[in-house]
Amino acid sequence: MSGRVLIDVRDLWKSFGDNHVLRGISLQLVEGETLVVLGSSGCGKSVLLKHIIGLLVPDRGEVLFHGRNIFDMKAKELSKARQHFGMVFQGAALFDSMTVGENIGLPAVEHKGMRGQELETLVEEKLRLVGLEGLSRLHPSEISGGMKKRVALARAIALNPDIILYDEPTTGLDPIMAEQINELIRDTQNKLSATSIVVTHDLHSACFIGDRVALIDNGKIAFIGSTDELTETEDEAVQNFIARRGADHGSREDDEIDLY
Ligand SMILES: Nc1ncnc2c1ncn2[C@@H]1O[C@H](COP(=O)(O)OP(=O)(O)OP(=O)(O)O)[C@@H](O)[C@H]1O
Ligand SMILES: [Mg+2]
């Protein structure tokens with residue numbers, strides 16, 4: 001992949017007590033690409049994303065954003081840097097007490113002080129992008145799991161981020177809904193020309209969405225390459241991951257079941 005490096009993750013280490021999760025992760029995200037991060041449950045995919053947006057601090061290592069280590073940034077600079085990022089959290093992470101519209105508008109209210117008609121217009125525009133126009137007054141409890149993921153995506157793109165991070169956007173969805181979300185992700189990429197990292201368990205999604213794919217194994221990047229290289233490689237970690245797919249898929253506690 002050639003092009004400008006937007007995010008440069010350098011030798012990231014993170015342990016929680018005796019649990020050594022990240023053991024020297026390095027990768028670069030190039031402007032315009034969609035990088036898919038694969039790995040078995042508990043290998044540290046969400047932890048990696050949380051470091052990239054500065055929600056977790058590493059024991060060692062750096063995340064350079066436009067050449068600046070985000071862990072050296074003061075609160076104000078970090079908050080400004082974060083406005084370039086949109087994150088779709090695993091399990092959507094919507095605020096249940098707020099309406100769909102309030103959830104989507106939250107970043108614009110917090111970072112831009114937006115309100116009134118301008119805010120309403122923004123919310124409706126983003127809802128339209130994810131195919132949920134007119135639903136801004138519903139609460140998260142009134143919509144399906146797939147719709148929640150769409151709302152989470154609408155919130156992530158509220159401020160037209162340069163970089164979108166998706167944490168398992170299709171996990172727990174039925175195949176048809178998963179396909180729709182995958183298409184929505186591709187559409188969003190095209191419409192916003194954003195750069196993305198998509199964390200997933202799902203090889204099919206990875207190949208459909210990704211330009212490049214990285215596999216985390218044992219706290220390190222075991223493989224990184226194009227989707228073609230992934231299917232052709234004889235790398236042992238990749239082969240093991242592919243062989244294990246059937247075994248740990250669908251057995252996770254935090255999977256939501258979409259009854260849509
Ligand atoms: N804040 C935390 N405190 C302590 N341990 C944590 C914390 N966050 C994550 N962990 C641990 O770090 C490991 C990696 O967690 P992480 O959520 O990144 O896994 P994952 O690869 O995203 O898995 P999944 O595919 O199930 O979402 C797990 O063992 C988890 O228990
Ligand atoms: Mg996770």
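Residues satisfying the side-chain hydrogen bond (donor to acceptor under 3.5 Å, both in side chains) test with Asn160, not counting sequence neighbours, are Lys126. The side-chain hydrogen bond (donor to acceptor under 3.5 Å, both in side chains) search around Ser79 returns none, not counting sequence neighbours. Remark: Phe208 pairs with no residue by the ring-ring contact (aromatic ring centres under 6.0 Å, His included) rule, at least two apart or across chains. The side chain to side chain contact (heavy atoms under 4.5 Å, CB included) search around Lys191 returns Leu129, Asp187, not counting sequence neighbours.
At a threshold of 4.5 Å between side-chain heavy atoms, the hydrophobic network of Ile, Leu, Val, Met, Phe, Trp and Tyr places Val198 and Leu184 in one connected group. Hydrophobic cluster membership is shared by Leu22 and Ile53, with clusters built from Ile, Leu, Val, Met, Phe, Trp and Tyr side chains linked at under 4.5 angstrom. Put simply, Val199 and Ile242 are part of two different groups of oily side chains (I, L, V, M, F, W, Y) that touch within less than 4.5 Å, one to the next.
Residues Glu142 and His139 meet the side-chain proximity criterion, which asks for heavy atoms closer than 4.5 Å. Residues Leu27 and Leu48 meet the side-chain proximity criterion, which asks for heavy atoms closer than 4.5 Å.
Within the structure, salt bridge (charged side-chain N to carboxylate O under 4.0 Å, His left out) pairs that include any residue of residues 128-140 do not occur (at least two apart or interchain). Under the salt bridge (charged side-chain N to carboxylate O under 4.0 Å, His left out) criterion, the residue pairs touching residues 67-91 are Arg68-Glu77, with sequence neighbours excluded.
Taking the six-membered ring for Trp and the full ring otherwise, Phe85 and Phe65 have centroids separated by under 6.0 Å.
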